[in-house]
Amino acid sequence: MRRRSFLAGNWKMFKELDEAKEFVLEFLPLVSQVRERQMALAVPFTSLSLVAELAKDSQLIVGAQNCHWDNEGAFTGEISCSMIKTCGASMVLIGHSERRQYFGDTDQIVSRKLAIALYYGLLPIVCLGENLAERESGLAFEVLSRQIKTSLEGLTAADAPKIVLAYEPVWAIGTGRTATDQQAQEAHSYLRARLTDMVGSEAAVQVRILYGGSVKPDNVASLMSQPDIDGVLVGGASLSPQSFAKIVNYLPI
Ligand code: PGA
């Protein structure tokens with residue numbers, strides 16, 4: 001099954017308003033020819049409205065990097081999916097490893113955030129991946145199995161194609177140490193098999209699985225040549241309009 005490629009950037013806690021604006025104005029003309037592929041940017045909450053407004057007549061999908069699991073309430077400092085939506089955004093990252101590591105996002109929390117994102121019609125990108133110790137002790141697949149089972153708990157076959165998964169081995173994030181194409185493909189095909197167990201093969205083949213972790217303009221094409229790698233989630237290399245545009249415009253090999 002042919003899945004539409006999805007090239008996504010994650011700015012993390014970078015870019016103030018003027019920098020965000022400058023990026024978008026420079027980036028959009030560089031990707032104006034993009035049709036088949038989907039491209040997206042997850043930006044800080046503070047830039048959400050501005051970037052969504054600047055991108056509204058373009059193909060760029062704009063999203064947040066986190067959300068709360070409830071739609072409103074006494075949760076000081078939190079942002080709900082409905083708020084994200086009213087900023088003009090249509091996507092949200094859920095369970096990024098930095099959220100899991102520093103802000104206590106567990107698989108259970110991820111599943112609640114996923115449910116509310118789907119309820120509000122946002123495109124959720126659910127992130128998971130093992131850390132270095134887990135990989136080195138041969139536990140990577142066990143960890144992935146546990147993460148996908150709990151993080152996607154309750155996901156129906158009808159909803160499965162509305163989500164995007166991102167495999168991001170923690171040891172490859174921001175380290176310059178990319179998983180090899182084979183390591184990434186192996187993990188992606190394992191995740192697709194677990195998805196098949198959960199929602200059936202008809203739904204599982206439609207789910208796009210992104211690879212994330214030190215993706216750069218020079219390694220994107222070989223990663224994308226793997227059969228189960230449907231896109232990438234890019235941190236550092238999405239901060240410059242030129243490098244993110246090169247990633248979006250990569251030449252297939
Ligand atoms: P990186 O980050 O591309 O800087 O390794 C990836 C991510 O955290 O999504």
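When a ligand or atom number is given, it counts from 1 through the structure's own listing order. Source: prediction; values computed, not measured.
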Undergrad: Under a 4.0 Å N-O cut-off, is there an ion pair linking D18 with K21?
TA: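 K21 and D18: not salt-bridged.
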Undergrad: Taking both backbone and side-chain atoms of I173, is any N or O found less than 3.5 Å from an N or O belonging to ligand 1?
TA: no
Undergrad: Taking a cutoff of less than 4.0 Å between a non-hydrogen atom of the residue and any ligand atom, is A166 in contact with ligand 1?
TA: no
Undergrad: Under the criterion side chain to side chain donor-acceptor pair (under 3.5 Å), I'd like the reasoning laid out for E168 against H96: C-alpha separation, chi angles, the key distance, then a yes or no.
TA: CA-CA 8 Å; E168 298 205 296; H96 187 279; 3.3 Å; yes
Undergrad: Could you tell me whether C127 approaches ligand 1 through its side chain, its backbone, both or neither, with non-hydrogen atoms closer than 4.0 Å?
TA: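 Neither part.
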Undergrad: Below 3.5 Å, N or O to N or O, backbone or side chain included: is there any such pair between G174 and ligand 1?
TA: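 Such a contact does occur with ligand 1.
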Undergrad: For ligand 1, which is the ligand I care about here, please tell me if G235 has any N or O atom under 3.5 Å from one of the ligand's N or O atoms.
TA: yes
Undergrad: My understanding is that we take every heavy atom of each candidate and find the minimum distance to atom 9 (O) of ligand 1. Doing that for R177, E168, K216, which one comes out nearest?
TA: E168
Undergrad: Mind checking whether T175 has an N or O less than 3.5 Å away from an N or O of ligand 1?
TA: no
Undergrad: Please confirm whether A237 comes under 4.0 Å of ligand 1, counting heavy atoms of the residue only.
TA: no
Undergrad: Considering only heavy atoms of H96, which atoms of ligand 1 have at least one such atom less than 4.0 Å away?
TA: 7 (C), 8 (O), 9 (O)
Undergrad: So that I can tick it off, tell me whether D107 and R100 are bridged by a salt bridge, with the cut-off set at under 4.0 angstrom between side-chain N and carboxylate O.
TA: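 Looking at D107 together with R100, the answer is yes, because their closest N to O distance falls below 4.0 Å.
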